[in-house]
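Notes follow the structure.
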Amino acid sequence: MKKLFFMLLVFAPLTMMAQKFGHVNAQEVIQAMPEFAKARQEIEALQKQYEADLKSMQEELQKKAEAFEKEQATLPDNIKQRREQELQEMYQKIQQNYQDNQQALAKAQQDKMQVITTKVLDAIKAVGQAGGYVYIMDTASGIPYISTTLSEDLTSQIKAKLGLH
């Protein structure tokens, strides 16, 4: 029993030394992916479309408000109140449209990035399993320090796994 305990004490540090650690800059990998560039273009196009729609609605509101200002003095009270109500409803509709667009934009961005992130994580796992790594840490996630002498940079291997050069 003492021999077994002694052997464990002697060989335990050796097994600890055999563990491999890696690091990757996942942001660099993501930005090198053609899917990322395509997703960014699609999000920007969607954002421009939303901005154009919103601008059109604001211009329409401004025209109606200016027309109301000009004829306000000559309108009967009931028509004046109805027009004020219409302007208020248009303003609320613009605000709601803006909020809806922001939510839709955030969801579209999240959906597109989730597919890309999943692909990168799968590549990291595959490289980690193939190379026998205990941990692969992402340097882009704000880890304060990673020893480059005790950890191998796997960014290029992960890019290769994804077909990026």
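Keep in mind it's a predicted model, so treat the numbers as computed, not measured. Atoms considered below: every heavy atom in the structure, side chains included; atoms not considered: hydrogens, waters and symmetry mates.
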| task | For Met33 and Val120, run side-chain contact (heavy atoms from CB on, under 4.5 Å): C-alpha distance rounded to whole Å, both residues' side-chain angles, the deciding distance at 0.1 Å, then the answer. | result | CA-CA 9 Å; Met33 296 174 70; Val120 171; 3.4 Å; yes

| task | Give the intermediate values and the outcome of side-chain contact (heavy atoms from CB on, under 4.5 Å) for residues Phe21 and Val134. | result | CA-CA 6 Å; Phe21 299 95; Val134 177; 4.2 Å; yes

| Worked check of side-chain contact (heavy atoms from CB on, under 4.5 Å) between Phe68 and Lys64 | CA-CA 6 Å; Phe68 176 68; Lys64 286 190 177 190; over 6 Å; no

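The structure places CD1 of Ile136 at 5.0 Å from CG of Leu154, a figure rounded to the nearest 0.5 Å. Here the CD-CD distance, from Glu44 to Glu42, works out to 11.0 Å after rounding to the nearest 0.5 Å. Here the OG-CG distance, from Ser56 to Leu61, works out to 11.5 Å after rounding to the nearest 0.5 Å. Residue Asp111 holds its CG atom at 11.5 Å from CD1 of Ile116, rounded to the nearest 0.5 Å. With rounding to the nearest 0.5 Å, the separation of OG1 in Thr117 from CD in Gln110 is 10.0 Å.
Counted within 6.0 Å of CD on Gln95, heavy atoms from surrounding residues, nucleotides or ligands total more than 12; the atom is thus considered enclosed.
Between Ile43 and Leu105, the shortest heavy-atom distance links the atoms O-CD1, 3.8 Å. Contact record, Ala26 with Ala140: N-CB, 4.4 Å, taken as the closest heavy-atom pair. Of all the heavy atoms in Ala123 and Lys161, the pair that sits closest is CB-CG, 3.9 Å. Pairing each heavy atom of Gly132 with each of Lys20, the nearest pair is O-CB, 3.9 Å. Here the shortest heavy-atom pairing between Ile30 and Phe36 reads O-CB, 3.1 Å. Of all heavy-atom pairs between Leu164 and Val29, the closest is CD1-O, 3.8 Å.
In this structure, the side chains of Gln92 and Gln96 stay at 4.5 Å or more apart for every pair of heavy atoms. Counting heavy atoms from C-beta outward, Gln109 and Leu46 have side chains that stay 4.5 Å or more apart.
Cluster membership check: Met137 does not share its hydrophobic cluster with Leu121, using side-chain heavy-atom separations under 4.5 Å among Ile, Leu, Val, Met, Phe, Trp and Tyr.
A side-chain contact (heavy atoms from CB on, under 4.5 Å) with Glu59 is found for one member of Gln62, Lys55, Met57 and no other, namely Lys55.
Pairs engaging residues 129-143 under the side-chain hydrogen bond (donor to acceptor under 3.5 Å, both in side chains) rule: Tyr133-Glu152 [sequence neighbours left out]. Applying the side-chain hydrogen bond (donor to acceptor under 3.5 Å, both in side chains) test to pairs two or more places apart or on separate chains, those with a residue in residues 21-39 are His23-Ser151, Glu28-Lys159, Glu35-Lys119.
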N/O donor to acceptor pairs below 3.5 angstrom from side-chain atoms of residues 78-87, sequence neighbours left out:
unit_1 : atom_1 : unit_2 : atom_2 : d
Arg83  : NH1    : Glu71  : OE2    : 2.2
Gln85  : NE2    : Glu89  : OE2    : 3.1

